Each structure stands twice: as structure tokens, then as C-alpha cells.
Amino acid sequence: MTTWSKQPLTLQQIDPLCKKYEMESILASIFVRRGITEGEDILYYLESDLRFQHEPYNFTAMEDAVERILQAKTEGEKVLVFGDSDVDGITSTVILYNYLKKIGIDVEYRVPQEDDAYGLSIKAVDDFASKGGTLIITVDCGISNNEEIAHANDLCIDVIITDHHNPPENLPEAIIILDPKTEDSGYPYKDISGAAVAYKLVSALRFAHTAFYGMEICIFEIKENSEEKYYEINCVKVRNLVKEKELHEKIIPGKTSIYDLKFPSFLQGQAIYVWDAPFVKSELKNVFGSGVEFNLNDLKAEICKMIPSLNNKSSSDLQSLSVIAKYIEKENSSLNSLYNLYVTYVKRIISINFKKDIEDERYDMQLVGLAALADIMPMKNENRIFVKNAIQSMKKDLPRKGLAELFTRLKINTESLNSTELSWSVNPAINATGRLGVPDLALNLFLSESPQEREIYAEKILDTYEERKNIVQNSVYELHNKAEESVNKFQNKLCLVTDENLHKGLTGLFAAKMMGEFNIPAIAVTLDEKVCVGSMRSCRGIIATTFLDNLGDIFINHGGHNYAAGFSFERKNLDLFLKRIEEKYENINLEDAETEIKIDAEIPEQYLTPKLFNLLDIFEPYGAENGELVFFSRQLKLCDAQLVGKKEPQHLKLTFDCGKYKFPAMFWGQGDRLRKDINIGEKYDILYSLSKNYFNGIQTNQLLIKELYTTGN
């Protein structure tokens, strides 16, 4: 029987969150139990505005990438977008290819087909060179393609890598690398998808077509501390909406000379922006006298044309009005509020002057959201912004071309759409095309301008999806004995299956199924005459890329994420590969497997109300590192129970009396317990999650039972 536990909390842990963020104690307790206590983390649960995503020019090399691509446009170069064949790679390719084509670049795309290996290949480079190509941009791959990129360099082809996989010790010699996981990337959050990196590049290119691109400004403020009788100067340099440098100095009137200060040289050559220029000039005159002149631009005058409600606000007022300031506590927060207001102002102007770009960005965001879920990115930080806005756009703007046709075939109702349905219905269908070596089906679905063609591609994708499911099911059936023997051989530390009949494109799925069943890292390898291709899915603290690194230099290529990686090696090295596995598996030290469910809160009967279900929307999207909410309630009376099921009545539809409200509940696969240990009229303790069921346009709140316990009362 399923066991559970609840982390005890104190009022001192919960109360600060309740007061600061004006939230109820149940929400605060869930945040604390999940370790979400910092404002910068809470922000991404309570806010969804795209303003809270990170600026693309945080990437140190982003401006270089933009300049190289704009150079390619100016000089009429031929450009190749090279992507991967999974959901992340397909969406990355579509996002970047579509934009480059739109701005008039001579661009083509390529992803691995049929028996092609993962990542950029020598053949792909040679084929592109034969057409006179001079710039390759990789998406969702490239960070491990040292040999292939060196070959491109030899052919005078520049390579820009956009990727998100774990970088090797020695990086490829590409002219530019945009990968948030590289040490000097400059990007503030490492765990975004390849599609998100491609989206950031496109966003940066769009920004480059505005008057704000390359503009260097300095936001400046002067504050008086009347108690301690000094003035404080704060200023920050901003380029492409990103902070570059800050300077903070104290000035004691009558004692501090302007020649002793750094800020005049800091401001030199910059456009200086202040809030309320007349006031700032007056303060500067008080400090330095009338002999010192500053050329100030009044940010207040400009912004108040757009936001009149700020007209009577001082710079200190802005801090209390700033949404982001509530979550991010920093010194000189009034300066940060000014900076954030400036960014908001610029984006508001862009949204007015570049409406088509904003619309295109929303449709790109739908693909970024899919990729975040498909590549199992943590549902934290800006990934939450991506997925929230992707779903919102699918509902409000309608699904983009390609997705609309696929949604129709999958019978998806956008009104009830959530991250779970995207993860379990949409992404596997798209992924099947790459798994079976026909990713062009998905690419054509998203890129075709013909509705009739898109209908045909959507139908073919569903056929491919059904084929993929059958192949995996047969593989699991046929190779399960091999898997069990391997688990025993490797002392329950590792599962390794090698087989000639295992489909190359499905090694990852097979490994994932074995990992799920045995709860240990799993490796699946398809044996080909020349090159063996494999995948590793890991868990319990074992980093997949590190484990593969330790196997030595037998791989043609290998790489991936912490818990999902791929590799290939020549067939002649099979025995060496197996020998290395046997040598290294003993060093595997697995973290203890979790044997019980940690609940988010215990809900007394009187608090089990429709209002509780509002928590679903706060924690949506669910996914990696943000699992579904799980609750426990005691002594609930069962007032109805029915057997349900389309083919066989294997499930229970229950109804619990919670005092003022009655709630339906589903208990899947437990039909045989009715009238044995589950009886109408008795009271039970229940372990459950929350759900919103949609049927015929009507939403019903319901419980999903994980376990039901007899109370003895």
C-alpha cells in the first residue's frame, strides 16, 4: 500500500511569505515544502508576463551572432540551419528557418534523416559546401561536433552553435557559441531548451531591427540621505536592454569634490536618462553648484506619455509600484525599478511599432513551450513563462499552422488544454517522426503554407505515431528477458540491452521504459554492421554524460543532458564498450529510491472547497521538478461508488461528502475493491491530487485518488 509523509512546518517559515506576497497559508506552506522560498523563484509561479523572461542579449556572444547573421543577409550568403530530429530540434529549426527566410536570407534547413547519426555530420558540411554555402547555424545540437566544425572551418564555412546540451571539456572551434551551459555564456539560467535558445536568437535579431539596437544609455539617480547628511549617486549602463556596469558613490556636500568622483567619467559619452530631469538637475546643483552641467534625458516625460498614471510619481514611488521589485530584493532597488521601467517602456514601443513581429513571437512561443515539455526542462524559472504563454497563445490566438491540424486529428480541446496533454499527446506524435527517421513530416507540417498539405502531413504523423507505439511495445515484449538478465548481472545498478532488432530511433524510449520499470539507469544500444547507436536514461543521482565520459574515447560522438544522453561507436568496438561497462558499473552509487509520497498539505474536510482547485492554476505547468500537487484528507464519507470503464468496468467513480460540498473522484484500476474494502457510507482517509474534468463544455472539479485507507470508524 502507498505510504506518505508530510514535512512539519512552523509559523515562522510560513508567515513571512503570507505577509510579503499576500498569499494564504496553504499556498505558503506548499511553497515552503517544495523549497520555493526565494522571491526570484516565487515570481515564476505567481506571474506569467513575458516581461519576466531573461533578455536575449544576456548571452555574451549574442551581439556577435546577430552581426554575423546580418552580414550574411547584406552579402547575400547562403545559410544552413542544421537541427536535431526530435521535438526540440524540429521546433528550433522551424523557429530560426522561418525568421531567416522572412527577412530575405538565402536559407535552407537540414535535420538527420533515416540512418543519419545525431548532430552535424561531415556529409552535411560537404553537401552544403558544394552549394557555395558559407554559414551554418546549428540548433539543438553542435556543442559536441568538434570534428565536423573543424572540417567546416577548413572549407571556410563559419559555424554558429546554438545548443543547450552539456558542453564537452574542449569546445568546438565555432566562431560563436550560444549555449547557456557553457561557463562564460553570460545567460542567467542554464536549463532552457534548444528551441528556447533559437527563440532568443530570433528575438535578438528582431530587436536588431529597432532603433534601440546597439544603443548605450546610462540610467542615473541622485538620492539624499537627510539623516546622515550625504547624497548617493547610483548609475547603471545599459546596452540592448541588458545591464553592463553599475557605479555607486557617496557624496558629502562641501567635502567631496566632483574631481574625486568616478561617475563623471562613467557617464561620459553616454545618453543619460533620469526620472524627473528638473528635480535631478536641482539636486545636482545643490551638491556641485551651478558651474557643473549635465545633459539629462527625462525618462519620466517620455514614459508618462504612455503611462499617464505615473505623472505625479517620484523615483522612490516607482519602487513600491514595481511588480518585479516585490520579488527581487537588491540594494539600490529604486535604480533597479527605473531600469525595469525603462525596459518595459522600450518593449511597449516595440509592441506598438512592430505588431507583426509580436504576433510571430507568440506563435514561436507555442513551439518553445512544446520543446520545454518534450525535452523535460525543469518547470522552473523562465520555462514556466514559456509554457504558460504557449498554452495561453494556443487558447487565445488559436494553435499555429500545423499545430491546429494536429490538434484536430488528436481531438484536443484547446479550452481544457494543459501541460500534461501537450506532454502525453502532442509531443509524442511529433517525436515519432524523428524516431522513425522521417522528421520532414513534422517540419513540413509546420512550414507548409497549404492547409490541404498540412492536413495530409498531420494524418501521416498520426500513422507514424501508431507505428512507433507498436514497435516499442513489441521491443519491450521481446527484449524484456534480456533487460532482467542485465539488471541481475549488474547487481541492480544498471540495465544494459544491446540488440540488432532494436530500432535505432527508439533506443531512448526503450531505455526510458526500462529505467522506469527498474528504477535504475538504463542503456539501450542497436547493433548495426558498421555503427552502433545507443541512448542512456538515468536517475537517482547518476549523471548520464559523466558516466559516458568515463567510458573513454571509444565513441564517434556522445553528449546530452544530465539524465538523457546519446552516443555512437563503431561496431568493431562493441566488445570494448561492453568491457568498459563491466569495469565502470561497480562505481555507480545510486541515491536511495523514494519509497513514499511527500504530500504538499493535509486538507481538513471543511477546507476541501472549490477554492482549493485554484491552486492548480498557480502550479501549472507541471513537469520536471514541479510534480502534481498531492494532498491528504481524513475521515471523508463515501456517499456513492460506481464501476466505470469503456470496455471493462475496471475503474471506480466515487463521490465524497465534504460537508458543504460533494466531490466526484476517480480511482483508476481499483474496481475489484468495491464492496470488499470500499463501501458506500463508510469514512476513509484519502491520498489524492486535484483535477479539472471537461466534458461537453462543462468543467467539473474532481479528485484523483492515489490511495484510499480504511479508518476503522
Side-chain angles (χ1 to χ4, degrees), residues 84-89 112 117-119 144 165-166 373-377 423-424 427-428 431-432 434-437 465 468-528 531-551 554-569 574 577-578 580-582 584-585 588 590-591 593 624:
D84 189 19
S85 57
D86 63 0
V87 173
D88 195 12
Y118 164 80
S144 298
H165 293 95
N166 292 347
L373 294 167
D375 245 36
I376 319 180
M377 294 296 99
S423 296
W424 290 97
N427 279 334
N431 227 5
R435 300 284 189 188
L436 296 187
Y465 182 31
R468 193 275 291 166
K469 287 193 285 188
N470 290 333
I471 293 173
V472 172
Q473 187 176 357
N474 291 335
S475 295
V476 171
Y477 176 77
E478 293 170 3
L479 300 176
H480 196 270
N481 287 341
K482 267 191 172 184
E484 287 186 325
E485 291 171 4
S486 167
V487 172
N488 291 329
K489 176 180 179 180
F490 295 117
Q491 300 178 350
N492 290 305
K493 290 186 173 185
L494 181 70
C495 175
L496 171 65
V497 173
T498 61
D499 195 272
E500 293 175 347
N501 296 319
L502 186 59
H503 193 288
K504 183 193 77 170
L506 302 177
T507 55
L509 284 173
F510 183 82
K513 284 188 175 292
M514 295 303 98
M515 182 195 73
E517 178 175 346
F518 299 113
N519 197 23
I520 56 176
I523 298 174
V525 184
T526 181
L527 305 179
D528 189 78
V531 176
C532 300
V533 176
S535 297
M536 180 174 182
R537 297 295 181 266
S538 193
C539 60
R540 297 172 62 183
I542 303 303
I543 304 302
T545 49
T546 302
F547 181 82
L548 294 175
D549 288 343
N550 290 332
L551 297 183
I554 62 173
F555 297 119
I556 298 172
N557 56 51
H558 70 286
H561 305 293
N562 288 354
Y563 296 108
F567 57 87
S568 63
F569 57 85
L574 176 60
F577 170 76
L578 296 174
R580 294 272 174 85
I581 291 286
E582 290 193 22
K584 299 296 182 182
Y585 90 88
I588 294 176
L590 298 173
E591 294 177 353

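Since the model is a prediction, treat every value here as computed from it, not as a measurement.
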Inter-residue atom distance [X].[atom1] - [Y].[atom2], 0.5 Å rounding:
{"X": "F547", "Y": "I588", "atom1": "CZ", "atom2": "CD1", "answer": "4.5 Å"}
{"X": "L551", "Y": "I581", "atom1": "CG", "atom2": "CD1", "answer": "4.5 Å"}
{"X": "M377", "Y": "D88", "atom1": "CE", "atom2": "CG", "answer": "7.0 Å"}

If I compare all heavy atoms of [X] with all of [Y], which pair ends up nearest, and what's the gap?
{"X": "S85", "Y": "P112", "answer": "CB-O, 3.7 Å"}
{"X": "T526", "Y": "E500", "answer": "OG1-O, 4.2 Å"}
{"X": "V487", "Y": "C495", "answer": "CG2-CB, 3.9 Å"}
{"X": "L509", "Y": "R468", "answer": "CD1-CD, 3.4 Å"}
{"X": "V497", "Y": "A483", "answer": "CG2-CA, 3.7 Å"}

Tell me, please, which residues at least two apart from [X] pass salt bridge (Lys or Arg N to Asp or Glu O under 4.0 Å).
{"X": "D528", "value": "none"}
{"X": "K489", "value": "E582"}
{"X": "E517", "value": "none"}

- Item | Non-hydrogen side-chain atoms of L506 and L502 separated by less than 4.5 Å |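 They are not in side-chain contact.
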
- Message: Test your reading of the model: is there a side-chain donor-acceptor pair from N474 to the backbone of N470, 3.5 Å cut-off?
- Response: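 Confirmed, N474 side chain pairs with N470 backbone.
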
- Worked check of side chain to side chain contact (heavy atoms under 4.5 Å, CB included) between I471 and L436: CA-CA 10 Å; I471 293 173; L436 296 187; 3.9 Å; yes

Among all residues two or more places apart in sequence or in another chain, which pass the ring-ring contact (aromatic ring centres under 6.0 Å, His included) test with [X]?
{"X": "H503", "result": "none"}
{"X": "F555", "result": "H558, F567"}
{"X": "F569", "result": "F577"}

- I376 atom CD1, neighbour heavy-atom count above 12 within 6.0 Å: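 Check fails, neighbour count at 12 or below.
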
- Query: Counting only heavy atoms not in K504, do more than 12 sit closer than 6.0 Å to its NZ atom?
  - Reply: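 Enclosed.
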
For [X], side chain to side chain donor-acceptor pair (under 3.5 Å) partners two or more places apart:
{"X": "T498", "value": "none"}
{"X": "N550", "value": "none"}
{"X": "K482", "value": "D499"}

- Item | Residues which pass side-chain contact (heavy atoms from CB on, under 4.5 Å) with E484, listed by chain and number, not counting sequence neighbours |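 For E484 the side-chain contact (heavy atoms from CB on, under 4.5 Å) partners, ignoring immediate neighbours, are H480, N481, F518.
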
- Just jot down the side-chain contact (heavy atoms from CB on, under 4.5 Å) partners of N431, sequence neighbours excluded, or say none.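 N431 satisfies side-chain contact (heavy atoms from CB on, under 4.5 Å) with D86, V87, R435 only.
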
- Message: I'd like to know whether N492 forms a side chain to side chain contact (heavy atoms under 4.5 Å, CB included) with L590, so could you lay out the CA-CA distance, the side-chain angles of the two residues, the decisive distance to 0.1 Å, and finally the verdict.
- Response: CA-CA 10 Å; N492 290 305; L590 298 173; over 6 Å; no

- Please lay out, stage by stage, how F510 and V476 fare under the test side chain to side chain contact (heavy atoms under 4.5 Å, CB included). CA-CA 7 Å; F510 183 82; V476 171; 4.1 Å; yes

- Query: When you look at N557 and S568, which way does the side chain to side chain contact (heavy atoms under 4.5 Å, CB included) test go after all the steps?
  - Reply: CA-CA 6 Å; N557 56 51; S568 63; 3.4 Å; yes

Donor-acceptor list for residues 531-545 side chains, cut-off 3.5 Å, not counting sequence neighbours:
from: S535; atom 1: OG; to: T507; atom 2: OG1; distance (Å): 2.7
from: S535; atom 1: OG; to: G508; atom 2: N; distance (Å): 3.3
from: S538; atom 1: OG; to: I542; atom 2: O; distance (Å): 2.5
from: R540; atom 1: NE; to: E591; atom 2: O; distance (Å): 2.8
from: R540; atom 1: NH1; to: N519; atom 2: O; distance (Å): 2.9
from: R540; atom 1: NH2; to: E591; atom 2: O; distance (Å): 3.1
from: T545; atom 1: OG1; to: N166; atom 2: ND2; distance (Å): 3.0

